[in-house]
Amino acid sequence: GENVEQHPSTLSVQEGDSAVIKCTYSDSASNYFPWYKQELGKGPQLIIDIRSNVGEKKDQRIAVTLNKTAKHFSLHITETQPEDSAVYFCAASTTGNQFYFGTGTSLTVIP
Amino acid sequence: GAVVSQHPSRVICKSGTSVKIECRSLDFQATTMFWYRQFPKQSLMLMATSNEGSKATYEQGVEKDKFLINHASLTLSTLTVASAHPEDSSFYICSARDGTGKETQYFGPGTRLLVL
């Protein structure tokens with residue numbers, strides 16, 4: 001089955017700096033890669049996703065890049081703000097099947 | 001759009017009682033719903049996948065007689081923790097996928113279960 005690894009497990013950045021979280025996956029058949037943000041005591045919220053037919057997707061301060069050859073994808077958050085502090089999860093899946101989640105990254109943005 | 005609700009948000013019960021958690025898709029029809037369990041500071045662990053009108057598919061190691069899942073309509077799935085024990089205390093989260101063929105899962109806010 002699919003194995004998703006996520007790094008780093010914790011990340012602290014100064015407000016205004018960029019944050020990058022990386023994930024690798026093992027199953028070359030995976031073709032859908034969402035990123036979720038989870039605040040304490042709440043359910044995960046989809047923030048961006050990418051499908052395997054594109055290499056990069058951007059939504060305001062958030063971007064995701066995908067390297068299918070190397071089987072890794074990354075989340076980039078620019079101009080970080082304190083409200084970006086949360087746990088971020090990556091996931092990988094093949095169409096119609098279950099999600100395989102990474103182990104999460106706890107991001108702290110220091111004001 | 002794509003809002004998923006869960007009820008209750010928090011429940012405390014005595015050991016041996018059964019607890020029912022509801023998951024509803026509010027503005028779309030969910031052909032598939034998923035139930036996850038999450039321990040503190042850990043990732044989400046898939047417990048089961050349910051399709052409307054059919055039996056749930058449980059992940060290995062998840063007791064189907066313990067965690068009863070019903071997906072009776074396109075907007076509602078329920079998880080019943082039968083005869084709950086302290087080790088069942090956890091954060092339970094549902095997600096839903098619509099019937100358009102998109103892979104996206106929309107998550108509910110979660111239910112915190114504490115069994116005394």
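Owing to the predicted nature of the structure, the values given are computational and were not obtained by experimental measurement. Chain naming here is simple, since letters A, B, ... match the order of the sequence lines and numbering starts at 1 in each.
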Side chains of A:Glu15 and A:Thr80, donor plus acceptor under 3.5 Å | no

So which part of A:Tyr100 gets closer than 4.5 Å to some heavy atom of chain B, the side chain, the backbone, both or neither?
-> neither

Do A:Lys71 and A:Asp27 meet the salt-bridge criterion of a basic N to acidic O distance under 4.0 Å?
-> no

Fit a plane to each ring of A:Phe73 and A:Phe33, take the angle between them on a 0 to 90° scale, and name the class: parallel (under 30°), tilted (30 to 60°) or perpendicular (over 60°).
-> tilted

Can A:Phe101 and B:Tyr36 be said to form a ring-ring contact (aromatic ring centres under 6.0 Å, His included), step by step?
-> CA-CA 11 Å; A:Phe101 284 91; B:Tyr36 294 84; 5.7 Å; yes

In terms of heavy-atom pairs under 4.5 Å, which option from B:Arg112, B:Glu59, B:Met45 contacts chain A the most?
-> B:Glu59

Is a side-chain donor-acceptor pair under 3.5 Å present for A:Tyr25 with A:Asn3?
-> no

Name the region of A:Phe89, side chain, backbone, both or neither, that has any atom closer than 4.5 Å to a heavy atom of chain B.
-> side chain

By a 4.5 Å heavy-atom criterion (distance strictly below it), what part of A:Pro44 contacts chain B: side chain, backbone, both, or neither?
-> both

Side chain B:His7, main chain B:Glu22, donor-acceptor under 3.5 Å | no

Please look at B:Thr104 and chain A and tell me whether the side chain, the backbone, both or neither of the residue comes under 4.5 angstrom of a heavy atom of that chain.
-> both

Per-residue contact mode, B:Gln42 against chain A (heavy atom under 4.5 angstrom) | backbone

Using non-hydrogen atoms and a 4.5 Å limit, figure out which bit of A:Gln45 sits close to chain B: side chain, backbone, both or neither.
-> neither

Would you mind checking which part of B:Gln6 comes under 4.5 Å of any heavy atom in chain A, side chain (CB onward), backbone (N, CA, C, O), both or neither?
-> neither

Sub-6.0 Å ring centroid separation between A:Tyr36 and B:Phe107 | yes

Looking only at B:Ser95, B:Cys94, B:Pro109, the option with the highest number of non-hydrogen pairs under 4.5 Å against chain A is B:Pro109

